Amino acid sequence: SAHMDSIGLVATHIDEKGFVRVGALGGVGAKEVAYTPVRFQNGTCGLICVKGDADLDKVKVSDLFIDIGAANREEAEKLVQVGDALVYDTPVRQAAGRVISPYLDDRIACLVLLLAMGRLEETENDLYFVFSTQEEVGCRGAKTAAWAINPDYGIAVDVTGADDEPGSKHQASSLCGKGAAVKVMDRSVICPPELVERLMGLAAEKGIPAQRDVLQMGGTDAGPMQATRSGVYAGGISIPCRYTHTPTEMVDLGDVEACAQLTATFSM
């Protein structure tokens with residue numbers, strides 16, 4: 001399972017001057033998104049702003065507003081309605097074998113699933129590749145999918161925190177450029193040691209770069225999969241990602257390839 005949804009913002013109020021107030025969809029940090037260009041689903045563009053005298057270290061999502069260039073409420077309501085969702089409108093760039101982009105969490109893992117599917121031929125296993133929804137607001141899609149499938153094993157393919165960001169507080173163990181991150185645990189799941197060893201062993205056997213992933217924050221689709229019905233052997237194959245949940249996330253393309261190889265190998 002890899003989730004298709006992303007964090008974002010939703011319009012909650014339009015004031016008399018035409019500024020759009022917002023609420024969070026998922027884990028949005030106000031400090032990280034200030035002055036980021038955004039786009040509504042209907043194509044309306046704007047900019048996330050805060051008051052000029054605001055302390056960014058103390059600002060909350062409720063303090064943010066979107067400037068869409070409207071002169072007043074009537075003009076703004078022709079472009080945006082309360083309940084409209086918006087996403088970051090930052091560009092995609094490459095840098096020294098790495099990709100910088102919004103929403104690598106978790107679209108890069110959707111790519112990993114597609115790459116793995118393309119490498120599979122015949123297999124004795126019944127395989128289900130799930131592109132889930134609403135992971136960022138409670139792992140809801142994976143929960144219903146796992147209930148319907150009732151699998152023996154479940155693998156969440158997602159990004160994971162990178163421990164090589166400047167000033168890291170070591171809440172994660174994985175490093176960019178060191179291969180696929182085999183999940184040991186996060187706040188949603190403790191993976192069966194047998195499954196961890198199986199994935200690490202396959203990586204060693206096939207010469208796939210891999211590392212153990214201990215994440216002391218966040219969660220993935222592995223959590224609801226593990227607790228489905230009478231229980232599922234659930235684990236994770238993750239891409240180390242710097243600056244997660246910001247408008248400019250970064251992953252290493254070598255790690256993406258390693259995750260695709262390991263996912264395909266485990267599925268055979």
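Numbering starts at 1 and runs along the sequence shown. Owing to the predicted nature of the structure, the values given are computational and were not obtained by experimental measurement.
Residue Glu77 comes nearest to Ile14 through the heavy atom pair CG-CD1, 3.8 Å, listed as atom of the first residue, atom of the second, then distance.
Note that CG of Leu253 is 11.0 Å distant from SG of Cys176, once rounded to the nearest 0.5 Å. Here the straight-line distance linking atom CD1 of Ile237 with atom CG of Leu262 works out to 4.0 Å at 0.5 Å rounding. With rounding to the nearest 0.5 angstrom, the CG atom of Asp213 is 5.0 Å from the OG atom of Ser173. In this structure, the separation between CZ on Arg73 and CG on Asp15 is 7.0 Å, given to the nearest 0.5 Å.
Aromatic ring orientation, Tyr88 versus Tyr103: parallel (interplanar angle below 30°, classes split at 30° and 60°).
Within a 6.0 Å sphere centred on OH of Tyr243, other residues, nucleotides and ligands contribute more than 12 heavy atoms. Around atom CG of Asp152, no more than 12 heavy atoms belonging to other residues, nucleotides or ligands sit under 6.0 Å away. Heavy-atom contacts from other residues, nucleotides or ligands closer than 6.0 Å to CZ of Arg187 number 12 or fewer. Counting non-hydrogen atoms of neighbouring residues, nucleotides and ligands closer than 6.0 angstrom, the CZ atom of Arg140 exceeds 12 such neighbours. A 6.0 Å sphere centred on CD of Glu194 holds more than 12 heavy atoms belonging to other residues, nucleotides or ligands.
Look at Arg212 and Glu197 and you find a salt bridge, because one of the NZ, NE, NH1 or NH2 atoms lies within 4.0 Å of a carboxylate O, short of that distance. In this structure, Asp164 pairs ionically with Arg242, as a charged nitrogen and a carboxylate oxygen lie closer than 4.0 Å. Note on Asp57 versus Lys31: salt bridge recorded, some NZ/NE/NH1/NH2 to OD/OE distance being below 4.0 Å.
Of the residues Val184, Thr160, Asp158, Thr220, the one that meets the side-chain contact (heavy atoms from CB on, under 4.5 Å) test with Leu215 is Thr160.
Under a hydrophobic clustering in which Ile, Leu, Val, Met, Phe, Trp and Tyr are joined whenever their side-chain heavy atoms come within less than 4.5 Å, directly or via other members, Leu175 and Ile239 fall into different clusters.
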